[in-house]
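Below: the structure, in structure tokens.
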Amino acid sequence: QVQLVESGGGLVQAGGSLRLSCTTSGRTLSSYGMGWFRQAPGKEREFVAVISWNGGRRSYADFVKGRFTISRDIAKNTVHLQMNSLKAEDTAVYYCAAAYRYSDYPTDSEREYDYWGQGTQVTVSS
């Protein structure tokens with residue numbers, strides 16, 4: 001079982017930055033493709049970014065390209081999402097997720113993810 005825990009959310013002004021982290025106290029994340037998703041109030045959860053098990057492949061949603069960066073520290077069993085130039089529309093609960101079958105070619109399809117964290121709130125004030 002993999003228990004994912006997100007941290008780093010909070011309140012920030014538009015144009016500011018936040019760094020989200022996702023870690024686990026259970027099994028190592030090195031065998032999993034990892035993804036970040038988000039859900040804004042009244043909206044469906046959507047894909048944000050994904051990264052392969054070794055960080056060699058990354059993919060982003062169009063609306064975060066150039067602003068967000070996903071990375072992972074295998075030794076520390078942690079995945080990060082650096083968010084810069086934040087906008088009010090980035091306000092959402094952000095979730096990290098792990099996909100065992102997509103470790104080399106990470107997927108943006110949330111139904112392929114095996115484990116999810118509880119989410120961390122990001123609020124961007126305009």
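Everything numeric here is computed off the predicted structure, so don't read it as measured data.
Rounding to the nearest 0.5 Å gives a distance of 10.0 Å between OH of Tyr100 and CG of Asp114. Put simply, OH on Tyr32 and OG on Ser103 are 10.0 Å apart, with the number rounded to the nearest 0.5 Å. Rounding to the nearest 0.5 angstrom, the gap separating the CG atom in Leu29 from the CD1 atom in Ile74 is 10.0 Å. The line from CG of Leu4 to OG1 of Thr23 is 8.5 Å long, rounded to the nearest 0.5 Å. Within the model, atoms SG of Cys96 and CD of Glu6 stand 4.0 Å from one another, a figure rounded to the nearest 0.5 Å. Taken from CZ in Phe68 to CZ in Phe63, the straight-line distance is 8.0 Å, to the nearest 0.5 Å.
Hydrophobic clustering, defined by side-chain heavy atoms of Ile, Leu, Val, Met, Phe, Trp and Tyr closer than 4.5 Å, leaves Tyr105 isolated from every other such residue. Hydrophobic cluster membership for Val93: Phe37, Phe47, Val50, Tyr95, Tyr113, Trp116 (Ile, Leu, Val, Met, Phe, Trp, Tyr linked by side-chain heavy atoms under 4.5 Å, directly or transitively). Members clustered with Leu11: none, using a 4.5 Å side-chain heavy-atom cutoff among hydrophobic residues.
Judged by distance alone, with hydrogens and angles left aside, the side-chain atoms of Thr91 form a donor-acceptor pair with the main-chain N or O of Val124 at under 3.5 Å. Judged by distance alone, the side chain of Arg57 and the main-chain N or O of Ser52 form no donor-acceptor pair under 3.5 Å. Put simply, the side chain of Ser30 never gets that close to the backbone of Thr28: no donor and acceptor are under 3.5 Å apart.
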Can you give the donor-acceptor pairs under 3.5 Å from side chains of residues 12-21 to other protein atoms, not counting sequence neighbours?
| residue | atom | partner | partner atom | Å |
| --- | --- | --- | --- | --- |
| Ser17 | OG | Asn84 | OD1 | 2.9 |
| Arg19 | NH2 | His80 | NE2 | 3.3 |
| Ser21 | OG | His80 | ND1 | 2.9 |

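Residue Gln3 qualifies as open at atom CD: its count of foreign heavy atoms under 6.0 Å is 12 or below.
In the hydrophobic clustering of this structure, Ile70 does not group with Trp53; members are Ile, Leu, Val, Met, Phe, Trp, Tyr whose side-chain heavy atoms approach within less than 4.5 Å, directly or through other members. In this structure, Ile51 is not a member of the same hydrophobic cluster as Tyr102, with clusters built from ILVMFWY side-chain heavy atoms closer than 4.5 Å. There is a path of hydrophobic side-chain contacts, each under 4.5 Å, that joins Val48 to Val122.
By the side chain to side chain contact (heavy atoms under 4.5 Å, CB included) test, Glu89 pairs with Lys87, sequence neighbours left out.
Screening residues 29-54 for salt bridge (Lys or Arg N to Asp or Glu O under 4.0 Å) gives Arg38-Glu46, Arg38-Asp90, Arg45-Glu110 as the qualifying pairs, with residues at least two apart or on separate chains.
Looking only at side-chain heavy atoms (C-beta outward), Thr69 and Arg58 come within less than 4.5 Å of each other.
Across Ala98 and Met34, no two heavy atoms sit closer than the pair CB-SD, 3.5 Å. Of all heavy-atom pairs spanning Asp62 and Lys65, the tightest one is OD1-NZ, 3.2 Å.
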